[in-house]
Amino acid sequence: MRTAAISSALGALAALALVAAAPAAPAAAPPRPRAEVPEAAGVARAAAEAAAAGVEWHRCPEVEHLPATVECGTVRVPVDYTEPDGDHLSLTVSRARATGDPGQYLGPLVYNPGGPGGNGMSFPRYPKLGGLWKRLNARYDFIGYAPRGVGRSDPLSCQDPAEFLKGPNPSPRHPSPAFKQAMNAKAAAYARGCARDRPERLRHYTTPDNARDLDVVRAALGRPRLSYLGASYGTYIGSVYATLFPGHVHRLVLDSVVDPSPDSVWYQANLDQNLGFERRWTDWKRWVAAHHGSYGLGRTADEVQTSFDTAMATVDRAPAGGTVGQKELVQAFLETGYADVTWAPYARVLSEFLRGNPAPLVKVAAPDMAQAASEENGNAVYNAVECQDAPWPREWDRWERDNTASAALAPFNTWDNAWMNLPCAYWHTTPSRPVDVRTGPGELPPVLLVAATRDAATPYQGALETRRRLAGSSLVTEVGAGNHGVSGGNPCVDAHIERYLFEGRTPGGHAECAARPEPKPGGRQQSRTVPVSNTRAAR
């Protein structure tokens, strides 16, 4: 923080010196001040304009990789809702029309996959997965969108994408003082890059602004009330939307729920997440140990950890495929914390690597440079939102103390998570204060929450806290499971979601569903039940 502040001050002094030395320029007329209005009034004006304009649907550009049956358009939103006459940006939206009987049509269902930084433009493809998604699309238009800063919605970039994604990279379990210093310098440089790319907009990448944008999208779709399904970070947008616009909610499904407590957003949430991923990592190791005959990685969780440590040492000496180092290895195997369907494929990858075949590991872990721009963009918006949403510690001593304590209990991912979030210690804006998510009895229609008790990315406590804060909400729990993104994979959970979205009925305060069966060894990589965004922390 101190280095960034000094650098900024010196730059300002140099600029002043150049101005003083330059010949006097003709006096320019002072800019007309823009009239500020309360944010609620700014949203109302933007929504009225969007309702009048609607969405001009057309064939999607090739860059979206969507089938010809999907339509695309844009919705204009103010950058700053206190200045609705000021700068605007255009959010991209996509649509798959409802396929069923017009007499059963229920309107648009808007979806956010998480992040921050996740892009929901592919939502109209979900019916191809069948099951719940196909049934929902029979009665709902599927509406995807890219939030501000994401994809083609006025994209933010903080670093050269190729530089951001290139490997190999180290990931020491016990980072040295020199390594920590280097990572602080890297974080400060990244924060400078974000400020340089969008200096005038950096304060406006926030969850409340994402919620306000969602209300403008609702209006552009011609609906007085919103039907919305949010996964992971998308649940936090939904919780904030319910707080700011309770009268505009029709149906609200929040899947894998972020803890909206102001003291959790976002620094504490990341520390809590470290423990969640360590628990799921242990779940995976125990499963692999139970199938030692298939993979030969060890008969106990500790022996499986030893096998993974051997792989970590191997790629540190000689990166797999020249690009997969320790960091890339950890990031790849972090997938085991998100979905059980990855357990067997990743056990096979590790087994093959230790037997001398690196090809499967390179396939899943090597940086895909074709995706560099998208990956860097998602990471940029992730930092922009989380760093602006809430205060972060600015002193490295606090980060070091808290993450050292976390790493003692959760060594698998603690330090890599810290490095990803560290730009927030050097952010070039004054952060906001989180919205106090809550609604009183009767303010909000029934809301459906779904969550798994062993979810790592959004620990189960978040669902319990959200149910407490959104009066009248109902929680469906997948007991004993850890899949992140429950929708579309558990028939019991899906039945509750379908009943709610079709009929508005919830199971009351709480209902439980048994976990899906554990995977069988020998399986190959499959699609997740709901493809939630993999942009870090809330995800």
Verdict with reasoning, L501 to L106, per side-chain contact (heavy atoms from CB on, under 4.5 Å): CA-CA 9 Å; L501 285 175; L106 292 172; over 6 Å; no
Ring-plane angle category for [X] and [Y], please: parallel below 30°, perpendicular beyond 60°, tilted otherwise.
X    : Y    : answer
H248 : Y241 : tilted
Y233 : W266 : tilted
Y111 : F123 : parallel

Please tell me if the side chains of [X] and [Y] come closer than 4.5 Å, counting only heavy atoms from C-beta onward.
X    : Y    : result
E386 : N421 : yes
P84  : V37  : yes
F245 : L226 : no
P262 : D436 : yes
T458 : T235 : no
L329 : M312 : yes
N270 : M420 : no
N383 : C424 : yes

Would you confirm whether [X], through its side chain, and [Y], through its main-chain N or O, come within 3.5 Å as a donor-acceptor pair?
X    : Y    : answer
S122 : R125 : no
Q388 : T430 : yes
N112 : G120 : no
N483 : D340 : yes
D259 : S264 : no
Y190 : A380 : yes
S474 : L448 : no
R198 : C158 : no
E278 : F412 : yes
T453 : G480 : yes

Check against side-chain contact (heavy atoms from CB on, under 4.5 Å), D283 and R454: CA-CA 9 Å; D283 289 347; R454 297 183 71 78; 2.9 Å; yes
Using a distance-only test with no angle check, is there a side-chain donor-acceptor pair under 3.5 angstrom linking [X] and [Y]?
X    : Y    : answer
Q305 : W281 : yes
S171 : D416 : yes
Y267 : D402 : yes
N184 : Y426 : yes

Set of residues satisfying salt bridge (charged side-chain N to carboxylate O under 4.0 Å, His left out) with respect to R223, sequence neighbours excluded: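 Partners of R223 under the salt bridge (charged side-chain N to carboxylate O under 4.0 Å, His left out) test: none.
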Shortest non-hydrogen contact from [X] to [Y]?
X    : Y    : answer
H510 : L475 : CD2-O, 3.0 Å
S153 : T92  : OG-N, 3.0 Å
L132 : G488 : CD2-N, 3.7 Å
N119 : A146 : OD1-CB, 3.6 Å
T466 : S239 : CG2-OG, 3.7 Å
R394 : A425 : CD-O, 3.2 Å

Nearest 0.5 Å please: distance from the [atom1] atom of [X] over to the [atom2] atom of [Y].
X    : Y    : atom1 : atom2 : answer
N403 : N417 : CG    : CG    : 8.0 Å
L334 : R280 : CG    : CZ    : 11.0 Å
L156 : N377 : CG    : CG    : 7.0 Å
S261 : R438 : OG    : CZ    : 9.0 Å
F142 : N137 : CZ    : CG    : 5.0 Å
D80  : D209 : CG    : CG    : 7.5 Å

Carboxylate-amine/guanidinium contact R212 D215, below 4.0 Å: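 Judged by the 4.0 Å cut-off on N to carboxylate O distance, R212 and D215 do not form a salt bridge.
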Ion pair check, R148 and D213, cut-off under 4.0 Å: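 A salt bridge is present here (some side-chain N lies under 4.0 Å from a carboxylate O).
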Worked verdict on R279 versus D455 for salt bridge (Lys or Arg N to Asp or Glu O under 4.0 Å): CA-CA 9 Å; R279 181 174 60 244; D455 187 345; over 6 Å; no
Passing candidate, ring-ring contact (aromatic ring centres under 6.0 Å, His included) with W284, options F277, Y346, F333: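 In the set F277, Y346, F333, the residue that makes a ring-ring contact (aromatic ring centres under 6.0 Å, His included) with W284 is F333.
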side-chain contact (heavy atoms from CB on, under 4.5 Å) between V330 and K327, worked out: CA-CA 5 Å; V330 171; K327 178 182 177 182; 6.0 Å; no
Verdict with supporting geometry, E375 and N379, side chain to side chain donor-acceptor pair (under 3.5 Å): CA-CA 6 Å; E375 292 283 339; N379 189 77; over 6 Å; no
Sole candidate of V258, T243, T207 that passes side-chain contact (heavy atoms from CB on, under 4.5 Å) when paired with V437: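 Per the side-chain contact (heavy atoms from CB on, under 4.5 Å) rule, the option paired with V437 is T243, out of V258, T243, T207.
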Test side-chain contact (heavy atoms from CB on, under 4.5 Å) applied to V486 and S256, step by step: CA-CA 7 Å; V486 182; S256 304; 4.2 Å; yes
